[in-house]
*Asks:* 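Attaching a single structure in structure tokens format; questions to follow.
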Amino acid sequence: MAIEGRRALDLLAADPGLAGITPHERVALAEITGNRFWLVQQVLWDTPEAQHYGAVERDFVEDVVERVDAAMSRLEGPTEALVIYHLGPAPPETGQVPGYLSGVVYRDIALELARPSDDVWQVLVPARSRILLVGAVLDSALLTPGEVLIPRGSRFILDSVSERGADGRLFSVELRFT
Amino acid sequence: MSSLEQRMRWRPGEAHPPLDVDDVLVMLGVDDRPESEQRDAVDDALTRGTLGAPSVAALRAAGWIEMRRRGGVRGTLHAWEPLVALVLISMLALVVWAIWSDDASPLLRVVATLGLALPVIVHVLVARYSAWFDRDVVPRTRR
């Protein structure tokens, strides 16, 4: 049985790899969870908007992505499987999400943020998956407790779909890394 | 600052705030520098043409830069606007005179009509190929 909530948070906070994250990498993590979140995601998803970016924007994103990837590569992952929650439509057919994915370990917070018509992902995260507890590396009052970041390019396998809210659905999804 | 909800909900096509000046300065690595250095960095990036359209739009919206037409047909027309207007009015007067006066020769009437039509043709060309004519529009830092 996968764990969630406070126990999941404690497991992620105990990741020995967190200690190796450098100040330079923390700055990049602050960008991806802050004002430049959209900029980075646009480039990673290769959106039409990103086609209008110049060398300055692309070099900046490349630098941020390099540092965030380096930070996440230091992680060892939780020692047990856990569950996190995310809002969004069903995973793409390929299962692969090109950008980083934000989630939260608390079901209550996810359901509070979700509108009745929203789809919610319940993601099973296998043990030793390198997901980052954002609050463990960034100290900001604006952060939601239990927020996690899933590496870019991760794959998600859809297991089952059930109804929730007015028109929303609950997707049971399993995280697979590429 | 984006919120967890915004981050979790975001997918391509989802609305999001446009870039602002702070974003541009951070990307240029001068957000913590004096303003003169920041403007130099913006100038340099504009000269090199390395800033994308969203960044240029952010700088323009904040009054950091202005767009100046330089060279090209549209830029030339823009710069010579009063003279173009004077020529147009003169041509119009000539056409009116050529139509109503018995002294005007047929050749003069043709020349006057073509003279009046020329700016109209140029205007249509500019409108049709505006992307080409606009390539000479250059942003410049407003100091």
Side-chain angles (χ1 to χ4, degrees), chain A residues 27 30-39 41-61 63-64 84-89 92 97-104 109-110 112-115 118-121 134 140-149, chain B residues 1-33 37-62 64-65 67 131 134-135 137-141:
Chain A
V27 172
E31 297 290 358
I32 188 68
T33 55
N35 291 341
R36 261 63 69 183
F37 165 79
W38 290 282
L39 184 73
Q41 294 287 61
Q42 298 277 2
V43 172
L44 293 178
W45 283 80
D46 196 23
T47 65
E49 187 172 331
Q51 306 306 314
H52 298 289
Y53 292 156
V56 168
E57 292 89 343
R58 290 187 174 278
D59 288 350
F60 173 79
V61 170
D63 181 49
V64 168
I84 63 158
Y85 296 88
H86 169 77
L87 306 181
V97 174
Y100 299 99
L101 213 73
S102 289
V104 65
I109 291 179
E112 194 179 304
L113 294 175
R115 299 171 195 138
D118 278 341
D119 294 331
V120 176
W121 295 20
V134 179
S140 168
L142 298 172
L143 282 175
T144 304
E147 177 175 355
V148 295
L149 193 66
Chain B
M1 173 106 185
S2 59
S3 67
L4 171 62
E5 181 185 356
Q6 290 169 322
R7 288 193 288 279
M8 285 214 292
R9 198 183 292 285
W10 187 87
R11 286 292 188 279
E14 192 84 14
H16 62 87
L19 292 179
D20 60 22
V21 171
D22 286 342
D23 294 323
V24 179
L25 297 178
V26 166
M27 287 190 288
L28 290 171
V30 293
D31 53 309
D32 56 352
R33 309 302 303 165
E37 278 185 45
Q38 292 176 341
R39 290 190 183 267
D40 286 344
V42 168
D43 255 348
D44 185 50
L46 290 173
T47 305
R48 292 168 186 264
T50 51
L51 278 176
S55 294
V56 172
L59 292 165
R60 194 179 177 189
W64 271 58
I65 58 173
M67 308 301 275
D134 271 345
R135 67 184 175 176
V137 175
V138 288
R140 281 285 173 270
T141 311

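Residue numbers begin at 1 in each chain, while the letters A, B, ... track the order of the sequences. Bear in mind the structure is a predicted one, so any value in this text is a computation, not a measurement.
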*Asks:* With a 4.5 angstrom heavy-atom cut-off, which part of Val24(B) approaches chain A: side chain, backbone, both or neither?
*Replies:* neither
*Asks:* Non-hydrogen atoms of chain B under 4.5 Å away: do they reach the side chain of Asp118(A), the backbone, both or neither?
*Replies:*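 Only the side chain of Asp118(A) comes within 4.5 Å of chain B.
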*Asks:* Taking Pro89(A), Ala110(A), Pro48(A) one by one, which has the highest count of heavy-atom pairs under 4.5 Å against chain B?
*Replies:* Pro89(A)
*Asks:* Taking atom CE of Met8(B) and atom CG of Leu87(A), what is their separation to the nearest 0.5 Å?
*Replies:* 4.0 Å
*Asks:* Contact part of Arg11(B) toward chain A, heavy-atom cut-off under 4.5 Å: side chain, backbone, both or neither?
*Replies:*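 It is the side chain, since no backbone atom gets that close.
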*Asks:* Just how far is it from atom CG of Asp40(B) to atom CZ of Arg33(B), taken to the nearest 0.5 Å?
*Replies:*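 Here the interatomic distance stands at 11.5 Å.
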*Asks:* Restricting to salt bridge (Lys or Arg N to Asp or Glu O under 4.0 Å), what partner residues turn up for Arg48(B), sequence neighbours left out?
*Replies:* Asp44(B)
*Asks:* If we define contacts as heavy-atom pairs under 4.5 Å, which of Trp45(A), Tyr53(A), Trp121(A) has the most with chain B?
*Replies:*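 Among the listed options, the one with the most contacts to chain B is Trp45(A).
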*Asks:* With a 4.5 angstrom heavy-atom cut-off, which part of Tyr100(A) approaches chain B: side chain, backbone, both or neither?
*Replies:* neither
*Asks:* Can you tell which of Gly13(B), Pro17(B), Gly29(B) has the highest number of heavy-atom pairs within less than 4.5 Å of chain A?
*Replies:* Pro17(B)
*Asks:* Would you check if Leu149(A) and Ser102(A) make a side-chain contact, meaning some heavy-atom pair closer than 4.5 Å?
*Replies:*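 Counting from C-beta outward, Leu149(A) and Ser102(A) do come under 4.5 Å.
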*Asks:* Looking at Glu112(A), Arg58(A), Arg115(A), which makes the most heavy-atom pairs under 4.5 Å with chain B?
*Replies:*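 Ranked by heavy-atom pairs under 4.5 Å with chain B, first place is Arg115(A).
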*Asks:* Return each pair, listed once, that meets side chain to side chain donor-acceptor pair (under 3.5 Å) where at least one residue sits in residues 19-31 of chain B; pairs must be two or more places apart or across chains.
*Replies:* Arg36(A)-Asp23(B)
*Asks:* Where on Val134(A) is there a heavy atom nearer than 4.5 Å to chain B: the side chain, the backbone, both, or neither?
*Replies:* neither
*Asks:* Which of parallel (below 30°), tilted (30 to 60°) and perpendicular (above 60°) describes Trp38(A) and His16(B)?
*Replies:* parallel
*Asks:* Under 4.5 Å between any side-chain heavy atoms of Glu57(A) and Val43(A), yes or no?
*Replies:*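 Side-chain contact under 4.5 Å: no.
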*Asks:* Out of Pro54(B), Ala53(B), Gly49(B), return the one with the most heavy atom pairs under 4.5 angstrom to chain A.
*Replies:* Pro54(B)
